Amino acid sequence: MATLLAGPAVLTYKHSGILPQLVSSENMNSRREFLKKISSAAVGVVGVPSLLSAAWAEAQSGNRIQVPGEYGMIVRSFRFIDLESPVEYFNSWLTPIPHFFVRNHMPEPSELDPEAWRLTIGGEVEKPVTLKLNDLLKLPTHSVVNTLECAGNGRAFYRPQVPGVQWGKGALGTARFSGPRLRDVLDRAGVKPTGKHVMFRGLDEVPGKVPPFIRSIPIEKVLDADSLIATHMNGAPLPKHHGFPARALMPGWVGAASCKWLTEIKVLESEFAGNFMNPGYRFPNHPVQPGEAIKPEDTHPLTALNVKSVIAGPVDGSRVKAGPVRVHGAAWAGEADVVKVEISTDGGASWNPAKLGNEHAHYAWRLWSYEWQAKAGDHSILSRATDNKGRVQPPTPEWNPSGYLNNAVDQVKIHVA
Ligand code: MTE
């Protein structure tokens, strides 16, 4: 039996040769080959029961992070694995897997056997079903390039400070996620008209009395043509840290909406009642002052991301030479599209348009750049994005007790010599 164990003693399979090069970059042709090979090899062929496991295990070995902090990632928590990308990594449209942030609320599953893995679908459905990984892999595949951002990204900048992981600017990344559409999977069970919300549960190991990481998503979003059960990321099977072997993907929504290590889907009549729906991941309906009491009914669950931008270079605190300097970064807007990014090199007194990169997709960030003629002195450089809904980044974030959705204009301080 092929078993993936946590920690460095992972992965027993180092053979087969049936796999294409599976690396962190895109490789969709190889992916198709891979699916063809494993479905012909592992489906119903007596005598090769572990080929599927071997294939997946081998695929994992190329892109896993074994030691938090490898690949230059910022370790925000050792207790569970919480890794932040340094902003200078936001210079490619797709974020390579080793540079993609990781957010875990609890320990990752210690054992993930792709052959034993099952996904159950129940609740408000005509016919509960249990699917194997091969069942998922045989369904039509859809790909979505999505910018995933943790709701708490930028929490460290709230004043007064708020509790929680002190994310700087890099709980963020963009990848091509692929897998069957959630609606195709739910069709197998048949959603009843009473089904209004869908609950997702992962295989995380729940320590002691801690409530499990369970959230629910309104049925309209779940049935959207771009909502997936992703089995692949940037053309390779999902790495363990990102939810191997399958995760939900709710494009344009806060990262918490995309449950990793998926094992159960339950259709519900109403929103799931649990810690990660309430009080977790909610935002006040009206602006609140620090210290002000907020009633639960005056809050709503977080859904789509805000319009936002980040400066990837030059990095905060750097020294550059006078003359032409390329200021560059990324901008995204959840379910909306970025239409404009403006740069100020004088602390917000005046703004100039940045050039938007050619690569774009509905839920993905847009890279941008601005050619700045830098003069000697200290400068404060700001970036500000606008989307097609007319939303503009505010100069300061809207304070809230959990420090969610900080989308204030970005700022770096640069010394020009
Ligand atoms: N799914 C499970 N099962 N457990 C988790 O802790 N964290 C969520 C989400 N899905 C989480 C989860 C949060 S808060 C975020 S921001 C994203 O996963 C992060 O996805 P990533 O680690 O692949 O970047």
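Both counts, for ligands and for their atoms, begin at 1 and track the order of listing. Scope of the values below: all heavy atoms of this structure, side chains included, with no hydrogens, waters or symmetry mates. Computed from a predicted model, the values in this text were never measured in an experiment. One-based numbering along the sequence shown.
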Testing the basics here: between Glu398 and Pro287, what is the closest heavy-atom pair and its distance to 0.1 Å?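 Heavy atoms of Glu398 and Pro287 come nearest at OE2-CA, 3.5 Å.
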Please work out whether any backbone atom (N, CA, C, O) or any side-chain heavy atom from C-beta onward of [X] is under 4.0 Å from ligand 1, and answer side chain, backbone, both or neither.
| X | answer |
| --- | --- |
| Ala151 | neither |
| Phe101 | both |
| Leu148 | side chain |
| Tyr281 | side chain |

Looking at [Y], is its backbone amide N or carbonyl O close enough to the side chain of [X] to form a donor-acceptor pair, meaning the two atoms are under 3.5 Å apart?
| X | Y | result |
| --- | --- | --- |
| Ser85 | His99 | yes |
| Asp204 | Val206 | no |
| Ser92 | Leu94 | yes |
| Trp261 | Lys240 | yes |
| Arg118 | Leu131 | no |

Starting from [atom], which protein heavy atom do you reach first, and at what distance in Å?
| atom | result |
| --- | --- |
| atom 22 (O) of ligand 1 | Lys260 NZ, 2.6 Å |
| atom 7 (N) of ligand 1 | Arg103 O, 3.2 Å |
| atom 17 (C) of ligand 1 | Gly255 O, 3.5 Å |
| atom 12 (C) of ligand 1 | Phe213 CE2, 3.5 Å |

Can you list the ligand 1 atoms lying under 4.0 Å from a non-hydrogen atom of [X]?
| X | answer |
| --- | --- |
| His242 | 21 (P), 22 (O), 23 (O), 24 (O) |
| Ser258 | 9 (C), 10 (N), 18 (O) |
| Cys259 | 1 (N), 3 (N), 10 (N) |
| Asn104 | 6 (O) |
| Asp204 | 2 (C), 3 (N), 4 (N), 5 (C), 6 (O) |
| Cys150 | 16 (S) |
| Phe100 | 24 (O) |

Below 4.5 Å, heavy atoms only, C-beta onward: do Lys192 and Val267 meet side chain to side chain?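 Lys192 does not reach Val267 side chain to side chain.
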With a 4.5 Å heavy-atom cut-off, do Ile219 and His197 have their side chains touching?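 Answer no - side chains too far apart.
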Shortest reach to atom 18 (O) of ligand 1 by a heavy atom, considering only Glu108, Met106, Arg247: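 Going through Glu108, Met106, Arg247 one by one, Arg247 has the nearest heavy atom to atom 18 (O) of ligand 1.
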Among Val185, Val191, Thr130, whose side-chain contact (heavy atoms from CB on, under 4.5 Å) with Ile121 holds?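 It is Val185, the one option of Val185, Val191, Thr130 that forms the side-chain contact (heavy atoms from CB on, under 4.5 Å) with Ile121.
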Distance-only polar pair, side chains of Lys260 and Asn104, donor-acceptor under 3.5 Å: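 Per modelled atom types, Lys260 and Asn104 side chains form a pair under 3.5 Å.
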Between Glu335 and Trp253, is any side-chain donor less than 3.5 angstrom from a side-chain acceptor?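 Result is yes, a qualifying pair exists.
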Regarding ligand 1, does His105 bring an N or O atom to under 3.5 Å of one of the ligand's N or O atoms?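 Yes, His105 has an N/O under 3.5 Å of an N/O on ligand 1.
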